[in-house]
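Below is one structure, written out as structure tokens, with a few remarks after it.
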Amino acid sequence: MSITITIAETAQELGLRAAAKIADLLNQAIEARGEARIILSTGASQFETMEALTQQAVDWSKVEMFHLDEYVELGESHIASFRKYLKERFVSKVNLKAAHFVNGEGDVQKNIAALSAELRRKVVDVGVIGIGENAHIAFNDPPADFETDLAYKVVELDERCKQQQVGEGWFKSLKDVPRQAVTMCPRQIMACRHVVSSVPHAVKAEAVYNTITRPVDPMVPATLLKTHPDWNLFIDINSASKLVALA
Ligand SMILES: O=C1O[C@H](COP(=O)(O)O)[C@@H](O)[C@H](O)[C@H]1O
């Protein structure tokens, strides 16, 4: 297990530094194996990293992208759709070898089976894994299932997770937030060769503090990342504030 923590002055600086690290890891994979695979998170916390990542010197035609999570029964035209987010902010800006999306519409179990089979064909080089206000990774809200061997599954969203989505303006009210989502499962996330987490902003200070200071616990899902052989956590002075107060 190895944790490298970088504290940036601003979310912009964090995005640049995280993107440079992700690009370096992708380029190492391309150098070693001729190709690379990446998993991308979404959410407001990933804006700066994703924007900076599109500017990095990477041969994207050798990179396959996988999507981390998506709401169930939310159309792709909805502003909160993570497929829409990834297509607009990333896929349309780089020339990827392939992009594999989580589709929470239609026959969801069939979609999960096809995506899981594709994902498991080869190891993923870099997992870009955000952390939610409730310390979730993907949509694995507390208590997260650290035991399942499934690659993806359908989960119920918890109240705090739904509140965060409303707070960020993705939905007008709690009742508009879908009840369920398709999420990549914790052990599948841990199977990435490297994990990079971009976690800026003061609203994440408690989640960052709990993740670093608490033992590994399904009630603080991001604590699992501390057991990964190469976890690179990028925080800013705002999300680091409770940790810094401790020092
Ligand atoms: O809800 C999610 O949480 C994390 C972090 O996103 P943010 O909304 O806190 O910025 C994200 O990485 C993940 O894809 C999403 O499910």
Side-chain angles (χ1 to χ4, degrees), residues 11-12 14-15 18-19 22 38-51 53 65-72 74 78-91 99-104 115 124 126-142 144-145 151-171 174 176-186 188-190 192 195-211 220-225 231-236 238-239:
Q12 280 69 27
L14 179 156
I22 295 163
I38 186 170
I39 294 168
L40 287 181
S41 303
T42 50
S45 60
Q46 307 305 302
F47 286 163
E48 295 82 5
T49 300
M50 201 159 289
E51 163 72 21
L53 191 55
M65 185 216 82
F66 287 84
H67 176 188
L68 189 66
D69 52 5
E70 178 60 288
Y71 297 101
V72 167
L74 188 74
H78 193 286
I79 58 156
S81 161
F82 289 158
R83 283 168 292 167
K84 174 179 166 68
Y85 177 118
L86 284 174
K87 286 179 185 177
E88 290 180 356
R89 293 175 182 275
F90 191 72
V91 176
H100 306 282
F101 295 97
V102 178
N103 183 357
L115 182 62
V124 172
V126 188
V128 181
I129 308 298
I131 297 176
E133 290 177 25
N134 63 357
H136 73 192
I137 46 174
F139 269 132
N140 298 287
D141 290 327
D145 183 353
Y152 289 93
K153 70 174 184 173
V154 174
V155 290
E156 304 287 319
L157 298 182
D158 83 0
E159 208 61 11
R160 184 149 183 215
C161 172
K162 290 184 191 171
Q163 277 164 4
Q164 177 183 343
Q165 308 310 325
V166 174
E168 290 179 1
W170 301 106
F171 297 95
L174 272 183
D176 296 317
V177 184
R179 193 169 53 84
Q180 296 180 314
V182 178
T183 187
M184 188 176 288
C185 299
Q188 184 67 49
I189 291 171
M190 292 293 284
C192 296
V195 175
V196 176
S197 297
S198 290
V199 193
H201 309 310
V203 288
K204 299 293 173 67
E206 184 191 358
V208 167
Y209 178 83
N210 288 339
T211 298
V220 186
T223 56
L224 185 63
L225 298 174
W231 183 35
N232 301 274
L233 172 62
F234 291 82
I235 50 183
D236 65 6
N238 296 314
S239 58

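The model shown is predicted, which means the values in this text are computed figures rather than measured ones. For ligands, and for the atoms within them, numbers begin at 1 and follow the listed sequence.
Between His136 and ligand 1, at least one pair of N/O atoms sits closer than 3.5 Å. The shortest N or O to N or O distance between Thr42 and ligand 1 is below 3.5 Å. Polar contact check, Ala44 against ligand 1: a nitrogen or oxygen pair lies under 3.5 Å apart.
Here the protein heavy atom with the shortest distance to atom 16 (O) of ligand 1 is Asp69 OD2, 2.2 Å. Closest protein heavy atom to atom 12 (O) of ligand 1: Ser41 CB, 3.1 Å.
Here the CZ-NE2 distance, from Arg83 to His67, works out to 8.0 Å after rounding to the nearest 0.5 Å.
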Acceptor/donor pairs from residues 160-169 side chains to any protein atom, 3.5 angstrom cut, sequence neighbours excluded:
from	atom 1	to	atom 2	distance (Å)
Arg160	NH2	Glu133	O	3.4
Arg160	NH2	Glu206	OE1	3.4
Gln164	OE1	Glu133	N	3.0
Gln164	NE2	Glu168	OE2	2.8
Gln165	OE1	Tyr71	OH	3.3
Glu168	OE1	Trp170	NE1	2.8

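Below 4.0 Å from some heavy atom of Gln164 lie the following atoms of ligand 1, by number and element: 7 (P), 8 (O), 9 (O). The distance from ligand 1 to the heavy atoms of Leu68 drops below 4.0 Å at these ligand atoms: 14 (O). Ligand-side atoms of ligand 1 in range of Gly43: 6 (O), 7 (P), 8 (O), 10 (O), range being under 4.0 angstrom from any heavy atom. Contact atoms of ligand 1 toward Phe139: 1 (O), 16 (O) (distance under 4.0 Å to a heavy atom of the residue). Against a heavy-atom cut-off of under 4.0 Å, Lys204 is close to the following atoms of ligand 1: 7 (P), 9 (O), 10 (O). In summary, the atoms of ligand 1 found under 4.0 Å from a heavy atom of Gln165, numbered by their order in the structure, are 1 (O).
Under a 3.5 Å cut-off, the side chain of Asp141 and the backbone N or O of Asp158 do form a donor-acceptor pair. Side-chain atoms of Thr49 never come within 3.5 Å of backbone atoms of Ala19 as a donor-acceptor pair (strictly under, hydrogens ignored). The closest donor-acceptor contact from the side chain of His78 to the backbone of Ala80 lies under 3.5 Å.
With sequence neighbours excluded, the residues satisfying side chain to side chain donor-acceptor pair (under 3.5 Å) with Ser239 are Asp236.
Considering every non-hydrogen atom in both Leu74 and Ser81, the closest pair reads CD2-N, 3.7 Å. Closest approach of Thr183 and Phe139 over heavy atoms only: OG1-N, 2.9 Å.
Aromatic ring centroids of Tyr152 and Phe66 lie 6.0 Å or more apart.
With a 4.0 Å cut-off on non-hydrogen atoms, Glu168 touches ligand 1 through its side chain and not its backbone.
Among Ala138, Ser45, Ala80, the residue whose heavy atom lies closest to atom 6 (O) of ligand 1 is Ser45.
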